[in-house]
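Let me begin by handing over the structure; questions about it come next.
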Amino acid sequence: MSKTEIKSVNYGLEKIFEGAQDFLPLLGTDYVEFYVGNAKQAAHFYKTAFGFQSYAYRGLETGSRDQVSYVLKQDKIKLVLTTPLNSKSPINNHIVKHGDGVKVVALWVDDARSAYEETVKRGAKSYQKPKVETDEYGEVIRAGIYTYGETIHMFVERKNYKGTFLPGFQAWESDYNPPSAGLKYIDHMVGNVGWGQMNTWVKWYEDVMGFENFLSFDDKQIHTEYSALMSKVMSNGNGRIKFPINEPAKGKKKSQIEEYLDFYEGAGVQHIAVATDDIVKTVSQLRQRGVEFLSHPPKAYYDAVPGRLEAFSHELREDIETLKNLGIMIDADEEGYLLQIFTKPVEDRPTLFFEIIQRMGAKGFGAGNFKALFESIEREQAKRGTL
Ligand code: TYF
Ligand code: FE
């Protein structure tokens, strides 16, 4: 089968890569690091609102004089919140320009040196050469390359490490331990890039990282009456890492991608999709804990759902009234259905937000929900005066 044929039936990742040597084997997402203005308060927010647990810490008490980092964990997800301790730290420049946001999308590898060499050889711009960090629990090797904007991919090799997170960190024991919200792993992370830049980054992920473009949405599919965008989903060989890339498109009014680029002052991570296996429970809890979601889709949206599921002969296991009351959206394709919902931006700048997703067989990204979703985003843009 040729690549194009496989692409036309959409999800044949294993086939696409069959036989080809993967020069960048990725085991999964390792961690996501945010640069923030006040890591202590951000850590409290992610524990209280999203159900993350205290995991590791580095700061003045551990000998880190220039920056503080809190590491939070929920099942397989690790978030690192880092803040500078003085005006000389280069982290300040990132925060001044972008506000709070994602600096590092770290990828878990078996061989960080090889990951670095293979990607730099193929054109990646170096951020950090392979660096061995050690303590009494062993060693971690990390190396980094730049991706879009000022965002970094770090390759993390931890097969010879038994400590908590990384050398330099201590286990963070806290007396405040709110319960988990059932978030399990990162399903995908989306990047917003500038006008005309999507294909440049698609090619970069193909050439430098060996990824494949396995789904594409153009502005004819992704638009509302007012705005539009284009999106291509990049995936690595084993399908564990999925990075959709968005670019704004011309519409009657301002694209949400353009709004992001204006406020982030450049390309960056737009949303982090986290998976749960009980979205009803997770979203009920998140709402109780104060997480703000986009406004509910209209009644007409839910009226159309049964028909959409029937078209693919899928039976909805969840109660549709419950999903409707929680504002959870439903999309279906040949292989199954998926449930998803989006938070409002989690900072004052309308930049990064979260998606909660439960896959019931479907491997897509909710294309059937795009219209309802974007109309809901536009209602927020209108309130902000940025539509
Ligand atoms: O990741 C996705 O493709 C979906 C839908 O600005 C989406 O979550 C696409 C673009 C966007 C917001 C959500
Ligand atoms: Fe998404």
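Just follow the structure's listing: the first ligand is 1, and inside any ligand the first atom is 1.
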message = When you compare the side chains of S295 and S376, does any donor N or O come within less than 3.5 Å of an acceptor on the partner?
response =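 The criterion, which ignores hydrogens and geometry beyond distance, is satisfied for S376 and S295.
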Ring centroid separation F365 to F217 under 6.0 Å =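 No, too far apart.
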ask   = Taking it one step at a time, do F354 and F342 satisfy side chain to side chain contact (heavy atoms under 4.5 Å, CB included)?
value = CA-CA 6 Å; F354 284 84; F342 296 83; over 6 Å; no
task = Under the salt bridge (charged side-chain N to carboxylate O under 4.0 Å, His left out) rule, collect the residues that match up with R122, sequence neighbours excluded.
result =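 R122: salt bridge (charged side-chain N to carboxylate O under 4.0 Å, His left out) contacts with E118.
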message = Between the side chains of E380 and K383, is the shortest nitrogen-to-carboxylate-oxygen separation below 4.0 Å, so that they form an ion pair?
response =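 E380 and K383: salt-bridged.
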For ligand 1, what N or O to protein N or O distances fall under 3.5 Å?
| from | atom 1 | to | atom 2 | distance (Å) |
| --- | --- | --- | --- | --- |
| ligand 1 | 1 (O) | H188 | NE2 | 3.1 |
| ligand 1 | 1 (O) | H271 | NE2 | 3.1 |
| ligand 1 | 6 (O) | Q256 | OE1 | 2.8 |
| ligand 1 | 6 (O) | Q270 | NE2 | 2.6 |
| ligand 1 | 8 (O) | H271 | NE2 | 3.2 |
| ligand 1 | 8 (O) | E355 | OE1 | 2.8 |

request  = Could you pull out the N/O/S protein atoms under 2.8 Å of the Fe ion (ligand 2), ignoring any water?
outcome  =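 Counting only protein N, O or S atoms under 2.8 Å from the Fe ion (ligand 2), the list reads H188 NE2, H271 NE2, E355 OE1.
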ask   = Under 6.0 Å between the ring centres of H223 and F374?
value =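 Centroid separation for H223 and F374: 6.0 Å or greater.
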ask   = With sequence neighbours left out, which residue pairs that include part of residues 150-165 fulfil the salt bridge (Lys or Arg N to Asp or Glu O under 4.0 Å) condition?
value =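 Salt bridge (Lys or Arg N to Asp or Glu O under 4.0 Å) check on residues 150-165 returns D30-R158, E157-K159.
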inquiry  = Among H271, H188, H153, which residue satisfies the ring pair (Phe, Tyr, Trp, His ring centres under 6.0 Å) criterion with F243?
reply    =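 The single option meeting the ring pair (Phe, Tyr, Trp, His ring centres under 6.0 Å) with F243 is H153.
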message = Within the supplied structure, the quantity of interest is the number of heavy atoms (other residues, nucleotides, ligands) at a distance under 6.0 Å from W201 CH2; does it exceed 12?
response =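 Count over threshold, so yes.
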